[in-house]
Amino acid sequence: MSLELAVLDWFFEPLQFAFMQRSLAVAIMVGIICSVVGSYLMVQRLALLGDAISHSVLPGLAIAFLLGVNIFVGAFIAGVISTVIIGWIHTRSPIKEDAAMGIVFSAFFALGITLITTIQKDNKIDLNHFLFGNILGVTVGDVRDTAIIAALVLMAVFLLYKELLFYSFDPLGAQAGGLPTGLLNAGLMVLIALTVVASMKVVGVILVLSLLIAPGATAYLLVPRLHQVMLLGAAIGVLSSVSGMYLSYYVNLPSGPAIVMVVSALFALSFLFSPRHGVLVGPRRGRPWQKLRTLLPSKGS
Amino acid sequence: MATSPKIIVDHLSVNYRDVQALRNVNLTVRPGKMVGIFGPNGAGKSTLIKAMLGLMPVVTGRVTYGDDTLAHQLDRVAYVPQRSQIDWTFPATVWDVVMMGRVKKTGWFNRFSASSRQLATAALERVGMLEFRDRPIGALSGGQQQRVFLARALAQEAEIFCFDEPFVGVDQKTETVLFNIFRELAQAGKIVMVINHDLGESITNFDQLILLNKELIAAGPRDWVLTRDNMTRAYGGHVGFFGHVA
């Protein structure tokens with residue numbers, strides 16, 4: 001067998017399984033929306049908020065399961081409620097926003113773990129699947145739900161792009177120019193919550209922050225405009241999810257962590273070698289080996 | 001040309017958390033004049049502008065522009081925040097920032113029109129930044145960044161222009177460009193309000209002054225406001241700028 005055929009075979013072999021088709025479809029969609037929505041978190045310095053929302057979805061998910069409602073709906077509602085409470089604490093008391101996030105998300109997370117641990121004894125529900133993802137277990141219904149969420153999120157970002165750009169760059173200037181910044185902020189929170197909910201099955205609530213932040217951050221070191229960050233970030237997100245899945249298939253790694261390790265490695269490459277900002281090759285930084293030497297501890301000082 | 005209405009600030013008091021930031025401010029800002037807002041650090045200069053625009057809650061008072069509250073007519077306002085308020089590492093080019101000035105007028109779900117792009121191009125030309133339109137904003141000097149913000153304000157086609165400390169950390173060329181354009185805007189019948197703290201030579205560029213220190217010390221024509229008594233009340237006893245004082 002020629003090399004080309006071997007590569008093609010390597011590529012197509014997993015696709016003959018329906019479960020791999022479903023998981024790859026979900027992984028690709030999640031790779032795209034996480035990168036696009038996560039770009040807003042990164043430029044607004046709200047990475048921690050992504051973490052807060054993702055940890056906060058757990059109790060909603062558990063309650064929805066108990067009530068027999070779609071768990072995506074419950075998780076989404078809990079995520080949104082957490083942002084409202086964070087905002088409330090932050091504006092109505094001298095507590096800073098990061099402290100408010102820390103308090104709220106750990107409280108929600110603890111409640112979620114308690115609820116799920118209690119109900120998983122009698123039901124077929126596994127806490128680990130939500131914490132670390134269970135992409136190989138996605139159903140046709142999950143694929144459909146993820147597709148609906150992805151379509152909604154991408155459409156909203158496309159239609160509100162210019163308003164969200166102004167707001168995320170200069171909220172005061174946008175508000176003073178007559179934009180409804182409270183509404184835009186709320187819309188952004190909803191988009192983040194939807195994205196987190198769609199990503200639960202892929203990487204789980206603990207690692208979703210990586211998919212939200214790392215692709216955009218990787219792209220940010222390479223291109224200068226927000227829409228370019230989003231597009232390149234989406235490509236990086238898809239590349240990471242797909243290669244993570246293949247790693248997981250061939251090397252038998254847990255798929256969520258495999259995806260996160262790939263995207264983190266891509267970030268590391270960008271950090272070191274980006275022509276614009278790379279630590280080793282960035283502009284006005286001398287040649288790579290000289291740069292490398294400056295990173296090492298110097299002798300005798 | 002129809003003259004713009006004036007802004008009337010009526011018994012405005014503002015708290016910042018539990019501390020009173022401004023007490024009972026009454027003043028009128030007329031179009032066609034370059035209005036400088038002066039006062040020591042913490043005098044409430046930025047607070048006055050933000051409260052006038054409804055960007056922060058007020059305890060009492062009302063700010064009107066024509067027949068309605070100013071806060072209801074923000075599409076007539078261009079506001080340029082302090083440069084330090086902005087994250088200049090944001091992934092945007094000069095062009096992206098100037099086009100932000102067209103967002104409100106373009107309207108929801110619409111794409112920027114050709115005339116919006118022309119306005120933005122003309123605004124960049126006017127501040128001498130057209131050749132930088134594709135530069136990332138983080139690659140500009142402080143003065144260039146300030147001129148880009150001025151271009152954004154011009155592209156907004158506003159009636160009311162508010163600038164918060166536009167001269168901080170800018171070069172001489174930028175200062176000249178800013179003052180020239182402020183003057184042109186005022187002469188075109190716009191309302192131009194500029195927060196400043198530099199009491200040097202440049203104060204003579206302003207027609208009207210608003211002098212604050214947690215309350216209104218004085219407001220009116222420059223020579224009328226710049227009295228020894230007013231300056232002492234605003235800045236305390238240690239002021240070294242009496243060269244300009246009537």
Side-chain angles (χ1 to χ4, degrees), chain A residues 38-40 42-46 90-96 155-184 187 216-233 274 276-277 282-284, chain B residues 17-18 46 49-50 52-57 70-83 85-97 99-112 116 134-139 149 152-153 155-158 160-162 164:
Chain A
S39 297
Y40 285 116
M42 181 190 62
V43 297
Q44 291 191 282
R45 306 173 186 201
L46 288 176
H90 164 57
T91 49
R92 294 301 176 86
S93 76
I95 303 284
K96 301 277 185 292
M155 189 135 70
V157 170
F158 182 74
L159 289 175
L160 300 177
Y161 181 78
K162 64 183 189 307
E163 284 82 5
L164 286 174
L165 177 68
F166 194 176
Y167 168 67
S168 53
F169 173 64
D170 177 10
L172 214 52
Q175 193 187 358
L179 288 184
T181 49
L183 217 58
L184 287 171
T218 307
Y220 170 72
L221 294 176
L222 298 168
V223 291
R225 301 173 74 182
L226 184 64
H227 68 271
Q228 297 167 338
V229 169
M230 289 176 169
L231 289 172
L232 182 59
S274 152
R276 296 181 64 227
H277 300 288
R284 296 185 302 281
Chain B
R17 298 214 184 272
D18 294 328
S46 299
I49 295 279
K50 287 178 193 167
M52 284 170 70
L53 300 178
L55 306 183
M56 58 191 297
L70 176 56
H72 294 161
Q73 307 174 66
L74 292 180
D75 48 352
R76 298 163 190 260
V77 174
Y79 169 84
V80 173
Q82 292 182 34
R83 222 156 37 78
Q85 297 272 309
I86 297 294
D87 172 16
W88 293 99
T89 65
F90 192 97
T93 59
V94 166
W95 182 252
D96 292 331
V97 172
M99 288 310 281
M100 290 174 192
R102 300 302 305 161
V103 168
K104 178 68 182 174
K105 291 235 163 46
T106 299
W108 298 102
F109 312 138
N110 294 326
R111 306 180 72 103
F112 292 123
S116 279
D134 296 323
R135 272 297 168 89
I137 50 169
F149 261 12
R152 184 183 83 183
Q156 280 181 268
E157 293 189 298
I160 300 165
F161 291 82
C162 309
D164 197 345

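Residue numbers begin at 1 in each chain, while the letters A, B, ... track the order of the sequences.
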Heavy-atom pair count under 4.5 Å with chain B, highest-scoring of A:V223, A:L226, A:D170
A:D170

What part of A:F169 lies closer than 4.5 angstrom to a heavy atom of chain B: side chain, backbone, both or neither?
both

Do B:T89 and A:Y220 make a side-chain contact, defined as non-hydrogen atoms from C-beta onward lying under 4.5 Å apart?
yes

Is B:R102 in contact with chain A via its backbone, its side chain, both, or neither, using a 4.5 Å heavy-atom distance?
neither

Heavy-atom distance under 4.5 Å to chain B: side chain of A:F158, backbone, both or neither?
side chain

What distance do A:L165 atom CG and B:M99 atom CE have between them, rounded to the nearest 0.5 Å?
11.0 Å

Comparing A:G173, A:A174, A:P224, A:S39 against chain B, the one with the most heavy-atom pairs below 4.5 Å turns out to be A:P224

In terms of heavy-atom pairs under 4.5 Å with chain B, which of A:Q228, A:H227, A:R45, A:M42 leads?
A:R45

So which part of B:I49 gets closer than 4.5 Å to some heavy atom of chain A, the side chain, the backbone, both or neither?
neither

Is B:L55 in contact with chain A via its backbone, its side chain, both, or neither, using a 4.5 Å heavy-atom distance?
both

Tell me, for A:S168 versus chain B, whether the close heavy atoms (under 4.5 Å) come from the side chain, the backbone, both or neither.
both

At a heavy-atom separation under 4.5 Å, does B:A78 approach chain A through its side chain, its backbone, both, or neither?
neither

Compare all side-chain heavy atoms of A:L172 with those of B:K50 and state whether any distance is below 4.5 angstrom.
yes

Could you tell me which of B:W95, B:Y79, B:F112, B:F149 has the largest number of non-hydrogen atom pairs under 4.5 Å with chain A?
B:Y79

Could you go step by step and tell me if B:K104 and A:F166 meet the side chain to side chain contact (heavy atoms under 4.5 Å, CB included) rule?
CA-CA 10 Å; B:K104 178 68 182 174; A:F166 194 176; over 6 Å; no

What part of A:V43 gets within 4.5 angstrom of chain B, counting heavy atoms only: side chain, backbone, both, or neither?
both

Atom pair OG1/NZ of B:T106 and A:K162 - distance to nearest 0.5 Å
6.0 Å

What do the steps show when you test A:L179 against B:V103 for side chain to side chain contact (heavy atoms under 4.5 Å, CB included), and what is the final call?
CA-CA 9 Å; A:L179 288 184; B:V103 168; 4.0 Å; yes

Part of B:R135 lying under 4.5 Å from any heavy atom of chain A
neither

One option among B:V77, B:T93, B:L53, B:V97 has the most heavy-atom pairs under 4.5 Å with chain A, and it is B:T93

